[in-house]
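Reading through the structure tokens given below for one structure.
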Amino acid sequence: MTRSFFARDSRAVAPDLLNKLVVRGERVGRIVEVEAYCGSEDPASHAYRGRTPRNATMFGPAGHLYVYFTYGMHFCANVVCGTDGEASAVLLRGLTPVAGLAEMRAHRPLARSDRDLCSGPARLAQAFSLDRTLDGADLVIADRGLSIEDDGTPPPPAPGVSARIGVSAGAELPWRFYVRGAVGLSRKG
DNA sequence: ACCGGGATGTTCT
DNA sequence: GAACATCCCGGTG
């Protein structure tokens, strides 16, 4: 994808990311669920209370990956959006496994089925081996072998929209977007 | 199928 | 010292 694709408000980028591909070597997944986080205007965003060492990548230029560690054991991955200094991002929450499933399984030994390889933000991070070493990777130039690609499949004309999952502050904001009925959603829908 | 609780440690108050 | 953009397992129905 181009830099300008990401350099918009995360609430605009999020639905446009649906049906795009996450590519890392043999591993490929189609994006079916995302959430937008909007910097200073969003109480659920890590950037709400300003810049810290942890969220520094969010404040940088668009098109880079922001990876954070949570619950003492999980990584989650965001795509940085907006303009430099703005701190808006899109959380990747669910992918349909497309290729490289054997490699994904190897990194997700506890997954009950292939449907669960990438059906959640920490699950897909595990399946694609996304950790701290990927924080800041430039997705536009396939930095560290990771990129987001367009295979010509358009986003759904009418995506599912709901409140974001697992947040307390800003719980009412409808900034989760998903492909209805897709394999790899973090919840049935 | 659905629900409840424990794991585990970084980050910020 | 509390909260945390979660996951997994084992219980029950």
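Remember, predicted model here, so these are calculated numbers, not experimental data. Order of the sequence lines sets the chain letters (A, B, ...), proteins ahead of strands, with each chain counted from 1.
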Separation of [X] atom [atom1] from [N] atom [atom2], in whole Å?
| X | N | atom1 | atom2 | answer |
| --- | --- | --- | --- | --- |
| A:I165 | C:dC7 | CD1 | P | 9 Å |
| A:R54 | B:dC12 | CZ | P | 6 Å |
| A:F75 | B:dG9 | CZ | C1' | 11 Å |
| A:L92 | C:dT6 | CG | P | 13 Å |
| A:L185 | C:dC7 | CG | P | 13 Å |
| A:R108 | C:dT6 | CZ | C1' | 11 Å |
| A:R123 | C:dC8 | CZ | C1' | 8 Å |
| A:R115 | B:dA1 | CZ | P | 11 Å |

Using OP1 and OP2 only, check whether a side-chain N or O of [X] sits under 4.0 Å from [N].
| X | N | result |
| --- | --- | --- |
| A:R112 | B:dA1 | no |
| A:H46 | C:dA5 | yes |
| A:T52 | B:dC12 | yes |
| A:R176 | C:dA5 | no |
| A:R132 | B:dT10 | no |
| A:T70 | B:dG9 | no |

How does DNA chain B read in dot-bracket, base by base from 5' to 3', with Watson-Crick or G-U pairs under 3.5 Å and | used when the partner is on another strand? |||||||.||||.

Less than 4.0 Å between a side-chain N and a carboxylate O, is that true for A:R108 and A:D114? no

Answer yes when A:R164 and A:D42 have at least one side-chain N-carboxylate O distance shorter than 4.0 Å, and no when they do not.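 Salt bridge: yes.
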
Looking for any heavy atom pair under 4.0 Å, which part of the strands does [X] touch: base, sugar-phosphate only, or nothing?
| X | result |
| --- | --- |
| A:F69 | sugar-phosphate |
| A:A44 | base |
| A:L91 | base |
| A:S186 | nothing |

Residue [X], side-chain atoms from C-beta onward, closest of [options]:
| X | options | result |
| --- | --- | --- |
| A:L110 | C:dC7, B:dT8, C:dC9 | C:dC9 |
| A:N78 | C:dC4, B:dT13, C:dA5 | C:dA5 |
| A:Y37 | C:dA5, C:dC8, C:dC7 | C:dA5 |
| A:M73 | B:dT8, C:dA5, C:dT6 | B:dT8 |

Atom of [X], atom of [Y] and distance for their closest heavy-atom approach:
| X | Y | value |
| --- | --- | --- |
| A:L18 | A:P156 | CB-CD, 3.7 Å |
| A:L101 | A:V98 | CD1-C, 3.9 Å |
| A:A158 | A:R180 | O-NE, 3.2 Å |
| A:L185 | A:G189 | CD1-C, 3.6 Å |

Do you know which of A:V32, A:V22, A:V90 makes side-chain contact (heavy atoms from CB on, under 4.5 Å) with A:L17?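 Result: among A:V32, A:V22, A:V90, A:V90 is the only option passing the side-chain contact (heavy atoms from CB on, under 4.5 Å) with A:L17.
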
May I ask you to verify whether the side chain of A:Y68 and the base of C:dA5 hold a donor-acceptor pair under 3.5 Å? yes

Taking the cut-offs as 6.0 angstrom to the six-membered ring centre and 45 degrees off its axis, would you call A:R132 and A:F69 a cation-pi pair?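 The answer is yes, since A:R132 meets both limits relative to A:F69.
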
